[in-house]
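Report on the following structure.
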Amino acid sequence: MSVIVATAYMDEASRFDWLAAMDDGKVIAQGAPKEILAKASKSSLDEAFIALLPPEKRGQHQEVIVPPRTESDDNTAAIETQGLTRRFGDFVAVDHVSVSIGRGEIFGFLGSNGCGKTTTMKMMTGLLPVTEGSAKLFGKPMAADDMEARQNVGYMSQAFSLYGELTVRQNLELHAHLYHLPADEIEARIGELLDKYDLKDVDGAKPESLPLGVKQRLQLAVAVLHRPLMLILDEPTSGVDPVARDAFWRTLIDLSRKDGVTIFLSTHFMNEAERCDRISLMHQGRVLAVGAPKELVASRNSASLEDAFISYLEEAGGAAKDKTSKPSPVRAPAEAAAAPMPLASPPVGGTRSTRRFDPGRMWAYARRETMELLRDPIRLAFAFVGPVILMLAMGYGITFDVENLKYAAFDQDQTPESRRLLESFSGSHYFSERPPIGSTAELERRMRSGELAVAVEIPAGFGRDLADLHPPEAAFWIDGAMPFRGETTKGYVTGLLMRYAQDLVTERFGPNPPSNIRLGSVKIENRFRYNQAFKSAFSMVPSVIVIMLVLIPAIMATIGVVREVETGSIANFRSTPISKFEFLLGKQFPYVVVGMLTFVILVLMALVVFGVPVKGSLGALTLGALLYVLSTCGFGQLVSTFTKTQVAAVFATTVLSIIPVTNFSGLLVPVSSLTGAGRAIGLAFPAAWFQPISVGTFTKGLTYSDLGFNALILAVFAAGFFAAAHFFLRKQET
């Protein structure tokens with residue numbers, strides 16, 4: 001079998017039988033690895049690739065030179081850990097790691113995939129909780145909610161975690177607000193970084209259209225935007241070609257040597273590890289050795305760092321077989337004896353705000369979420385077209401009105417009296433006449449097929465019995481397959497018969513004879529206090545508003561958070577100084593606006609399309625709707641804290657919201673009529689408190705004074721759901 005592999009890793013390429021080196025869509029060399037090395041007269045494929053580039057590109061490449069590090073006057077360790085341990089159940093991912101990294105140092109974690117590098121780095125910076133041990137950042141214990149520490153750290157994840165729907169400039173602007181850069185400095189700082197990292201020509205492009213090397217520069221620009229004292233880089237050059245990798249490293253060296261930034265990175269490239277001031281060799285969650293690359297090579301009498309690393313791995317493997325006790329964690333000698341040091345100095349440019357709540361940071365997330373929403377036509381259609389379609393479908397399709405009932409007569413008497421009885425049906429708008437029935441078998445067949453809702457069977461002798469004042473008999477067959485419809489039809493038939501009997505008594509005995517006192521003078525007429533036309537639309541349309549305002553905002557709010565987890569961009573929330581309160585509030589804002597716009601659309605449809613007016617206070621209805629949308633958005637965000645994927649979040653939100661809304665909120669049965677668990681479920685969800693507001697303002701003319709308590713309960717729901725989401729949302733990974 002022939003295998004074709006695309007890679008940017010030169011150590012992988014060196015193992016191929018045959019390879020083709022490509023640049024800008026063109027093959028610049030091909031053949032066996034040894035042939036390409038010979039052609040370029042180089043000892044490594046990295047150097048050979050650069051040497052074979054077109055002259056104009058080769059001329060732009062500069063050799064990476066690492067100047068000696070100048071010791072900082074401040075002896076406080078940038079990062080110091082003691083016995084750092086992380087367990088996932090019974091699995092020990094990081095096992096008692098103790099290291100100390102000095103200010104301005106380039107410190108590397110070298111190890112294979114899965115050895116614990118990323119986990120250790122995240123614990124050191126507060127992005128992941130610690131099982132055992134401690135980590136200090138510039139002399140201060142690291143905590144997940146330490147916003148000041150976030151100002152001192154720039155974090156660049158292994159996977160691209162910036163926002164694909166924002167342009168290069170917009171990503172920088174967003175993070176400038178998240179890190180609370182002074183407004184008058186933002187534009188100049190962004191311009192400086194666009195120039196420095198060669199991003200000016202692509203500042204209007206979205207990251208998804210950019211090459212990997214440019215994406216890496218963008219991530220680095222975002223990470224250093226706020227001038228941090230510490231830069232954390234998790235395998236930053238994975239998948240990047242040698243030219244882009246060297247350019248990236250020149251930038252890191254400038255940050256370390258010129259700006260005094262501490263660089264802490266993980267890698268599995270040996271040539272990158274050799275450029276670090278010191279490295280830590282990791283294997284299976286443990287630190288095998290710490291020191292300068294040349295020192296580690298010399299200590300093993302090895303020819304290269306790779307050989308030295310293999311030697312340490314072999315030793316660790318042998319020790320693992322024979323060990324009787326846990327080995328002590330390895331620390332650099334100089335740092336092991338270090339005494340406690342003073343706290344770190346503030347970041348370059350002065351101390352910025354680390355308030356628990358900052359409107360600028362909240363608005364930055366709200367603006368980003370709004371831009372993402374506006375650029376997603378599917379979600380916009382779901383937000384605005386979906387409710388319109390559902391309103392039309394439910395407003396017209398779901399009705400409790402029972403009219404135009406199909407009936408037919410099986411008149412075996414054929415007398416004026418029987419025909420008069422049948423005229424009572426044909427003259428009512430509740431019934432629609434069909435061809436008469438000719439036999440009992442036909443009656444049975446037409447009723448069974450569903451052609452008829454009512455069959456009137458009048459036996460022979462009906463008129464004679466009526467004339468002789470004998471009780472006449474007639475049968476009225478009603479289809480009861482749908483109990484509600486059947487019961488309503490029974491009421492219609494009973495009413496017609498009562499009117500028919502009353503008319504006969506009045507005709508025979510006159511309007512006022514003594515015998516008419518009992519039969520003729522009693523007249524019953526139904527009147528409804530509200531919805532006098534007894535139309536379903538006056539009940540269904542306000543109820544649809546209740547359903548839509550829980551379904552649409554809740555689903556969109558839960559997707560807004562879970563989507564960050566699924567795409568990896570949640571790393572921005574965890575690594576920046578934005579608080580959970582600001583994050584949730586900023587995320588919620590656009591969906592509250594969407595919910596209220598949906599409310600306006602539905603109210604206009606109720607007025608114009610269905611002719612259902614708001615008889616009560618429009619202000620009370622709007623206030624109730626706002627509080628209701630706030631509570632449903634909060635509910636959606638609460639669900640998002642327990643789900644990991646968008647599919648699971650949508651499913652859970654839909655099920656958990658639609659069941660109480662349709663069954664226990666008063667849509668079908670008033671909440672006051674429910675008992676036991678049904679009543680408790682209804683009152684425990686905001687829909688049961690907004691239903692009286694919606695229906696009451698539309699049909700009953702209710703105002704603020706009538707609905708104030710319901711509005712208060714909705715406000716409690718909104719605050720409660722938000723507080724619960726805030727509590728369960730984690731600033732760290734779990």
Side-chain angles (χ1 to χ4, degrees), residues 86 88-89 122-123 125-131 141-150 178 354-359 361-366 369 550 553-566 568-592 595 626-646 648-657 660 680-681 683-687 689 712-734:
R86 174 66 186 185
F88 295 96
K122 288 182 176 181
M123 285 193 294
T125 52
L127 301 183
L128 192 67
V130 175
T131 304
M142 192 62 199
D145 58 351
D146 191 343
M147 296 299 107
E148 184 178 351
R150 293 290 190 276
L178 295 183
T354 55
R355 291 175 290 180
R356 299 300 300 173
F357 175 73
D358 184 271
R361 289 195 296 255
M362 183 208 72
W363 177 248
Y365 251 103
E369 195 72 19
V550 69
I555 289 178
M556 298 189 75
T558 195
I559 288 177
V561 176
V562 175
R563 188 171 181 269
E564 300 253 3
V565 177
E566 205 169 38
S569 57
I570 193 71
N572 294 282
F573 159 64
R574 290 171 176 156
S575 62
T576 58
I578 188 170
S579 67
K580 293 192 291 184
F581 185 85
E582 295 161 349
F583 176 78
L584 289 173
L585 207 59
K587 282 284 196 179
Q588 191 180 96
F589 176 79
Y591 301 119
V592 172
L626 176 60
L627 295 173
Y628 183 51
V629 169
L630 285 169
S631 65
T632 56
C633 284
F635 173 75
Q637 290 184 325
L638 175 60
V639 172
S640 73
T641 62
F642 297 100
T643 51
K644 301 297 183 183
T645 66
Q646 296 181 68
V650 170
F651 182 78
T653 304
T654 302
V655 171
L656 293 176
S657 61
I681 293 173
L683 295 178
F685 202 74
W689 300 93
L712 177 62
I713 297 299
L714 287 175
V716 172
F717 271 111
F721 282 140
F722 187 88
H726 184 277
F727 177 79
F728 288 109
L729 180 66
R730 291 289 173 256
K731 184 74 173 173
Q732 297 175 313
E733 293 183 30
T734 55

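Predicted model only: the values in this text are computed from it and were never measured.
- Between Leu626 and Val592 there is a side-chain heavy-atom pair separated by less than 4.5 Å.
- The two residues Trp689 and Leu714 have their closest heavy-atom pair at CB-CD2, 4.0 Å.
- Formation of a donor-acceptor pair under 3.5 Å by the Thr641 side chain with backbone atoms of Leu638 is found in this model.
- Counting only heavy atoms from C-beta outward, the side chains of Phe685 and Ser657 approach each other to under 4.5 Å.
- For the ring pair (Phe, Tyr, Trp, His ring centres under 6.0 Å) test, residues two or more places apart in sequence or in another chain that qualify with Tyr628 are Phe690.
- Every residue two or more places apart in sequence or in another chain that forms a ring pair (Phe, Tyr, Trp, His ring centres under 6.0 Å) with Phe583 is listed here: Tyr365, Phe573.
- Between Ala684 and Phe717, the closest heavy-atom pair is O-CE2, 3.3 Å.
- Although no hydrogens or angles enter the test, the distance criterion places no donor-acceptor pair under 3.5 Å between the side chain of Ser640 and the main chain of Thr558.
- Closest approach of Val565 to Lys644, counting heavy atoms only: CG1-O, 4.2 Å.
- How far CD of Gln637 is from OG1 of Thr632: 10.5 Å, rounded to the nearest 0.5 Å.
- With rounding to the nearest 0.5 angstrom, the CD atom of Glu566 is 9.5 Å from the OG1 atom of Thr643.
- Using a 4.5 Å heavy-atom threshold, the side chains of Glu564 and Lys587 count as touching.
- Partners of Phe651 by ring pair (Phe, Tyr, Trp, His ring centres under 6.0 Å), not counting sequence neighbours: none found.
- Here the CD atom belonging to Gln588 is positioned 10.5 Å from the CE atom belonging to Met362, to the nearest 0.5 angstrom.
- Counting only heavy atoms from C-beta outward, the side chains of Ile555 and Thr654 approach each other to under 4.5 Å.
- Nearest heavy atoms, Phe727 versus Lys580: O-NZ, 4.0 Å.
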TODO: Test side chain to side chain contact (heavy atoms under 4.5 Å, CB included) on Phe635 and Val550 and set out the steps.
DONE: CA-CA 9 Å; Phe635 173 75; Val550 69; 5.6 Å; no

Open item on the list: Under the criterion side chain to side chain contact (heavy atoms under 4.5 Å, CB included), I'd like the reasoning laid out for Phe581 against His726: C-alpha separation, chi angles, the key distance, then a yes or no.
Closed with: CA-CA 6 Å; Phe581 185 85; His726 184 277; 3.9 Å; yes

Task: Step-by-step side chain to side chain contact (heavy atoms under 4.5 Å, CB included) determination, Glu369 to Tyr591 - done: CA-CA 9 Å; Glu369 195 72 19; Tyr591 301 119; 2.5 Å; yes

Open item on the list: I'd like to know whether Thr131 forms a side chain to side chain contact (heavy atoms under 4.5 Å, CB included) with Met123, so could you lay out the CA-CA distance, the side-chain angles of the two residues, the decisive distance to 0.1 Å, and finally the verdict.
Closed with: CA-CA 9 Å; Thr131 304; Met123 285 193 294; 5.9 Å; no

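- Closest heavy-atom contact between Ala725 and Leu584: C-CD1, 3.8 Å.
- The minimum heavy-atom distance linking Ser631 with Pro686 is given by the pair OG-CB, 3.6 Å.
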